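Down below is the structure, laid out as C-alpha cells.
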Amino acid sequence: MGKKVALNVFYNIGIFLCAIIIYSAIEHARYEYVLACAFIAGILITLKIKLIKEIKRLQKP
C-alpha cells in the first residue's frame, strides 16, 4: 500500500508541474510545450484515475 501512496504523490506532483509549465508556456507563446505538457498531464490523470479505482476495489470487503 505504501507504493501506491508514493505513486499517487508522484502523479500529483507531475500534474502540478505540468500545470505550472503550461501556464508559463502560454505566457511566453511556446505552444509546443503546452501541447507536450497537456499530453503528459492527460496520461498522468488517466493513470491516477486507474490507481484510485484499484485502491477502492482493494478496500471493498
Side-chain angles (χ1 to χ4, degrees):
M1 191 68 165
K3 289 181 183 179
K4 292 187 189 302
V5 172
L7 192 56
N8 190 25
V9 170
F10 171 74
Y11 289 156
N12 287 335
I13 292 170
I15 293 166
F16 181 71
L17 286 176
C18 282
I20 291 172
I21 293 170
I22 288 172
Y23 178 75
S24 176
I26 288 173
E27 284 185 345
H28 295 96
R30 298 298 304 247
Y31 298 110
E32 64 274 12
Y33 293 146
V34 173
L35 183 63
C37 282
F39 180 72
I40 293 169
I43 291 173
L44 290 175
I45 290 169
T46 303
L47 291 172
K48 182 175 173 69
I49 290 170
K50 285 184 181 182
L51 180 66
I52 291 171
K53 285 182 180 180
E54 182 180 338
I55 290 172
K56 285 183 181 180
R57 185 182 54 83
L58 289 175
Q59 289 180 349
K60 288 185 180 178

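Note that the coordinates shown come from a computational prediction; the quantities given were computed from them, not determined experimentally. Note that the numbering runs from 1 along the sequence shown for the chain.
Considering only heavy atoms from C-beta on, Lys53 stays 4.5 Å or farther from Lys56 through its side chain. When side chains are defined from C-beta on, Gln59 counts as touching Met1, because their heavy atoms get closer than 4.5 Å. Counting only heavy atoms from C-beta outward, the side chains of Lys48 and Asn12 approach each other to under 4.5 Å. Proximity of Leu51 to Tyr11: side-chain heavy atoms (C-beta onward) are separated by under 4.5 Å at one or more points.
Cluster membership check: Ile13 does not share its hydrophobic cluster with Ile43, using side-chain heavy-atom separations under 4.5 Å among Ile, Leu, Val, Met, Phe, Trp and Tyr. In terms of hydrophobic clustering, with Ile, Leu, Val, Met, Phe, Trp and Tyr side chains grouped at heavy-atom distances under 4.5 Å, Tyr23 and Ile45 are assigned to different clusters. Linking Ile, Leu, Val, Met, Phe, Trp and Tyr residues whenever their side-chain heavy atoms come within less than 4.5 Å leaves Leu44 and Phe16 in two separate clusters. Criterion: ILVMFWY side-chain heavy atoms under 4.5 Å apart, direct or through other members. Under it, Ile55 and Leu7 are part of a common hydrophobic cluster. Connection of Leu47 to Phe10 is established within a shared hydrophobic cluster, with ILVMFWY side chains joined at heavy-atom distances below 4.5 Å, either directly or through further cluster members.
Separating the OH atom in Tyr31 from the CD1 atom in Ile26 is a distance of 7.0 Å, to the nearest 0.5 Å. A distance of 9.0 Å separates CD1 in Ile22 from CD1 in Ile40, rounded to the nearest 0.5 Å.
Annotation for Cys37 and Cys18: closest pair O-SG, 3.8 Å, computed over non-hydrogen atoms.
Side chain of Thr46 to backbone of Gly42: a donor-acceptor contact under 3.5 angstrom is found.
A salt bridge between Glu32 and Arg30 is present, with a side-chain N of the basic residue lying under 4.0 Å from a carboxylate O of the acidic one.
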